[in-house]
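A short worksheet on the structure shown next.
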Amino acid sequence: MNINEMMKNAKRLQDELAKETEKLYVKEFKVEKHGIVVVMLGSRRLKSVIIDPALVDPEEPELIGDLVILAVNEVLEIIDEEQEALNAKFAPAGF
C-alpha cells in the first residue's frame with residue numbers, strides 16, 4: 001500500500017469516526033435507579049431527571065441527592081463504555 005492509499009484510508013476512517021461520534025452525541029442514555037430516572041445524551045448533557053414523588057421524605061432530603069448521583073454516575077459509565085467501544089472500532093491495529 002502506498003502513502004496516498006494510506007492517507008485516503010486514514011481520512012475515510014477519520015470521517016467514519018466523526019459520523020459515529022456525532023450519532024453517539026445525540027443518542028439518549030437512560031438509567032432508572034430506585035425511583036429516579038436520568039436521561040443523558042452521549043455528549044454528556046443531562047436531558048432530564050424524573051423523581052418518583054414517593055421518594056420525597058422531608059426527614060431524609062439527602063436520599064434523593066444520593067440516588068440522583070448514583071443514577072448519573074451509572075449513565076456516565078454507560079456512555080464511557082460506548083465511547084470506548086467506538087474508539088476501539090476505529091483504532092489502528094496494534095494500538
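Here, residue 1 is the first one in the sequence, and each next residue gets the next number.
- Atom CZ of Phe90 sits in a crowded spot, with more than 12 heavy atoms from other residues, nucleotides or ligands closer than 6.0 Å.
- Val72 and Val31 end up in the same hydrophobic cluster when Ile, Leu, Val, Met, Phe, Trp and Tyr side chains are linked at under 4.5 Å.
- Using a 4.5 Å heavy-atom cutoff, the side chains of Thr21 and Leu86 are in contact.
- Under the side-chain hydrogen bond (donor to acceptor under 3.5 Å, both in side chains) criterion, Lys33 pairs with Glu74, sequence neighbours left out.
- Linking ILVMFWY residues whenever their side-chain heavy atoms come closer than 4.5 Å, directly or via other members, places Ile78 and Leu67 in the same cluster.
- With sequence neighbours left out, Glu16 forms a salt bridge (charged side-chain N to carboxylate O under 4.0 Å, His left out) with Arg12.
- Residues passing the side-chain hydrogen bond (donor to acceptor under 3.5 Å, both in side chains) test with Gln83, sequence neighbours excluded: Asn87.
- Taking the side chain as every heavy atom from C-beta outward, Lys30 and Met40 never approach each other to under 4.5 Å.
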- Message: Let's go through Val56 and Ile64 carefully: what are the C-alpha distance in whole Å and the side-chain angles of both, what is the deciding distance for side chain to side chain contact (heavy atoms under 4.5 Å, CB included) to 0.1 Å, and is it a yes or a no?
- Response: CA-CA 7 Å; Val56 180; Ile64 292 174; 3.9 Å; yes
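- When hydrophobic clusters are built by joining Ile, Leu, Val, Met, Phe, Trp and Tyr residues whose side-chain heavy atoms come closer than 4.5 Å, directly or via intermediates, Val38 is grouped together with Leu63.
- Lys8 contributes atom NZ, which lies 8.0 Å from atom CG of Asn2 (distance to the nearest 0.5 angstrom).
- There is a path of hydrophobic side-chain contacts, each under 4.5 Å, that joins Phe29 to Val49.
- Interatomic distance, CD of Glu60 versus CG of Leu55, reported as 10.5 Å (0.5 Å rounding).
- The two residues Ile79 and Gly42 make their nearest non-hydrogen contact at CG2-O, 3.6 Å.
- The side chain to side chain contact (heavy atoms under 4.5 Å, CB included) search around Glu22 returns none, not counting sequence neighbours.
- Note that CD of Glu82 and CD of Glu20 are 9.5 Å apart. Values are rounded to the nearest 0.5 Å.
- Here the CD1 atom belonging to Ile36 is positioned 9.5 Å from the CG atom belonging to Leu70, to the nearest 0.5 angstrom.
- Partners of Lys11 according to the side chain to side chain contact (heavy atoms under 4.5 Å, CB included) rule, which considers only residues two or more places apart in sequence or in another chain, are Gln14, Asp15.
- By the side chain to side chain contact (heavy atoms under 4.5 Å, CB included) test, Leu41 pairs with Glu28, Ser43, Arg45, Lys47, sequence neighbours left out.
- Atom CG of residue Leu46 and atom CG of residue Leu76 lie 9.0 Å apart, to the nearest 0.5 angstrom.
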